[in-house]
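Since this is a predicted model, take the numbers as computed values, not measurements.
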Amino acid sequence: MLKDATAIVGIGQTAFAKRLPETEKALACRAVLAALDDAGIAPSEVDAFASYTMEETDEVEVAKAIGAGDVTFFSKVGYGGGGSCATVGHLAAAIATGQASVGVAWRSRKRGSGPRPWKNTAVQLPTPGQWTRPYGLLRPADEIGMLARRYMHEYGATRDHLFNVALACRNRANQNPDAIMYERPLTREMYMTSRWISEPLCLFDNCLETDGALACVVVSAERARDCRQKPVYVHSAAQGLPAQHHGMVNYWNDDPLSGPAWTAARHLWKTADFGPQDVDVAQIYDAFTPLVPLSLEGYGFCGRGEGAAFTEGGALELGGRLPLNTGGGGLSEAYVHGFNLINEGVKQLRGTSTAQVPDAATCLVTAGEGVPTSAVLLRA
């Protein structure tokens, strides 16, 4: 069992911006070194790495640049934002089984100043894409827009429900000096009159385009007691790839609105000592606002079709039923494939968030719904 056998003891990040001058490698190393310094662990002690298959800075280069010792475990997780929490889960498994002792997970990205992946026409038609892209579903926003329209049709969700998600994230970013949207309020009028990106998704339903990097350090629970920071335990971790899955649009599933979150959640809660009703704060992947109500349902915070209504009455705000994305999330803090949600979860359980939930002791962090995904439950 992985339950509480390991802990996150260090977190680090660079600045977030539309354009940063450093290379992705330099940003990655800055974030990793900051996380190690936060933990009080020397780079030479690092013997495990985990990141994303889409990460263009590999563990060989990072290990050399930071001065790591011999590395005995390394892994990369696929599916973009779906891999964020799995990097922590892989390190936790490696450390709990004795394959390594000090693990670092990271994500470095220059999406704000870099190219858009879908512009590379040479790789636009893998087999699944042949059934979507010739018909106009060229970008993730187009695919999630189609899924959102079906959700609205079946369950009566409205743009006001999506605005509730965008507003909660923006309100928390307004409190976070590191957020790109710090002190930049969002109003309903701004939301409703903004330009379409892929109807029914408007500008504020879409995540930011960000340059930046983040990292965290994972060690055994025993070692964590001697580290510089308060340990945040990895209580449960899971990945999810449902049967007959088709990325984003779920064409071949019996139910397109029961996405990978449902699969990951079944395993996540199965190995946990508490349930959704016991989660004090959540960091739910928000590349697009509709992913939040879909995730609320998948992870069991409400019933099927009730995710939109769950957002009403300030439920996602501080003091609400489930305070959400308290650093601002991908919508308003920074979009680095969801890794900022992991670090924000750690801050909440340390008691150091800029939008602190009083006495927070449990936190759910999720990766991207709509693609093969992952999640972790963190415990103080």
Side-chain angles (χ1 to χ4, degrees), residues 2-16 27-51 59 62-63 65-73 84-85 87-96 98-108 176-178 212-235 237 280-281 283 326-327 336 339-363 365 376-380:
L2 297 181
K3 188 186 301 177
D4 301 332
T6 63
I8 298 175
V9 294
I11 54 175
Q13 66 185 54
T14 67
F16 302 130
L27 292 171
C29 292
R30 287 183 188 277
V32 169
L33 290 173
L36 289 165
D37 181 67
D38 187 51
I41 294 176
S44 60
E45 295 189 69
V46 175
D47 56 6
F49 289 99
S51 190
E59 56 275 348
V62 172
I66 69 168
D70 290 346
V71 177
T72 57
F73 178 88
S84 59
C85 296
T87 63
V88 174
H90 285 200
L91 291 178
I95 291 166
Q99 298 179 72
S101 58
V102 177
V104 171
W106 86 98
R107 181 70 171 114
S108 177
N176 178 6
D178 292 331
L214 302 104
C216 71
V217 179
V218 181
V219 300
S220 70
E222 181 180 7
R223 176 159 187 179
R225 290 191 285 270
D226 298 323
C227 288
R228 182 174 290 166
Q229 300 289 350
K230 174 184 177 181
V232 172
Y233 296 97
V234 180
H235 183 70
D280 295 324
V281 59
Q283 315 297 334
T326 45
V336 194
F339 211 103
N340 50 321
L341 300 177
I342 298 171
N343 283 16
E344 176 61 22
V346 173
K347 292 174 187 176
Q348 279 289 341
L349 300 190
R350 286 180 177 180
T352 61
S353 172
T354 54
Q356 185 62 44
V357 173
D359 303 316
T362 57
C363 180
V365 186
V376 292
L377 287 173
L378 302 178
R379 186 183 68 78

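- Side-chain contact check for Val104 versus Leu36: some heavy-atom pair is nearer than 4.5 Å.
- Among all heavy-atom pairs drawn from Gln99 and Ala93, the shortest one is NE2-O, 4.5 Å.
- Among all heavy-atom pairs drawn from Cys227 and Val219, the shortest one is SG-CG2, 4.4 Å.
- Two residues are said to be in side-chain contact when any heavy atoms from C-beta on lie closer than 4.5 Å; Ile342 and Ile8 meet this criterion.
- One finds the OG atom of Ser108 at 11.0 Å from the CZ atom of Arg30 (value rounded to the nearest 0.5 Å).
- Remark: Leu349 CG to Tyr233 OH distance equals 12.0 Å, nearest 0.5 Å.
- Heavy atoms only, all atoms of each residue included: Gln283 and Leu341 are closest at CG-O, 3.5 Å.
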Assess the residue pair Cys216 and Val88 against the criterion (side chain to side chain contact (heavy atoms under 4.5 Å, CB included)); give the C-alpha distance rounded to whole Å, side-chain angles, the decisive distance to 0.1 Å, and a yes or no.
CA-CA 8 Å; Cys216 71; Val88 174; 3.9 Å; yes
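- Heavy-atom minimum distance, Ala105 versus Phe339: O-CZ, 3.5 Å.
- Counting heavy atoms from C-beta on, the side chains of Val102 and Val217 come closer than 4.5 Å.
- Remark: side-chain polar atoms of Asp47 are not paired, donor with acceptor, to backbone N or O of Thr72 under 3.5 angstrom.
- Side-chain contact between Ile41 and Arg223 is present, with at least one heavy-atom pair separated by less than 4.5 Å.
- Counting heavy atoms from C-beta outward, Lys347 and Thr352 have side chains that approach closer than 4.5 Å.
- The structure places CD1 of Ile95 at 10.5 Å from CG of Leu2, a figure rounded to the nearest 0.5 Å.
- At a threshold of 4.5 Å between non-hydrogen side-chain atoms, the residues Gln13 and Val336 do not count as touching.
- Closest non-hydrogen pair, Val357 versus Gln348, comes out as N-OE1, 3.0 Å.
- Residues satisfying the side chain to side chain donor-acceptor pair (under 3.5 Å) criterion with Gln229, sequence neighbours excluded, are Asp38.
- Counting only distance, with no hydrogens or angles, the side chain of Ser44 and the backbone of Gly69 share no donor-acceptor pair below 3.5 Å.
- When side chains are defined from C-beta on, Ser51 does not count as touching Phe49, because their heavy atoms never get closer than 4.5 Å.
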Go through Thr87 and Arg107 one step at a time and tell me if the side chain to side chain contact (heavy atoms under 4.5 Å, CB included) criterion holds.
CA-CA 10 Å; Thr87 63; Arg107 181 70 171 114; over 6 Å; no
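- The OG atom of Ser84 sits 11.0 Å away from the CG atom of Leu214 when rounded to the nearest 0.5 Å.
- Although no hydrogens or angles enter the test, the distance criterion places a donor-acceptor pair under 3.5 Å between the side chain of Arg228 and the main chain of Asp37.
- With sequence neighbours excluded, the residues forming a side chain to side chain donor-acceptor pair (under 3.5 Å) with Asp4 are His235, Arg379, listed by chain and number.
- Among residues two or more places apart in sequence or in another chain, the side chain to side chain donor-acceptor pair (under 3.5 Å) test is passed with Asn340 by Glu333.
- Between Trp106 and Glu59 there is a side-chain heavy-atom pair separated by less than 4.5 Å.
- Residues Ala34 and Gly12 share a closest heavy-atom pair of CB-CA, 3.9 Å.
- Judged by distance alone, the side chain of Thr14 and the main-chain N or O of Ala213 form a donor-acceptor pair under 3.5 Å.
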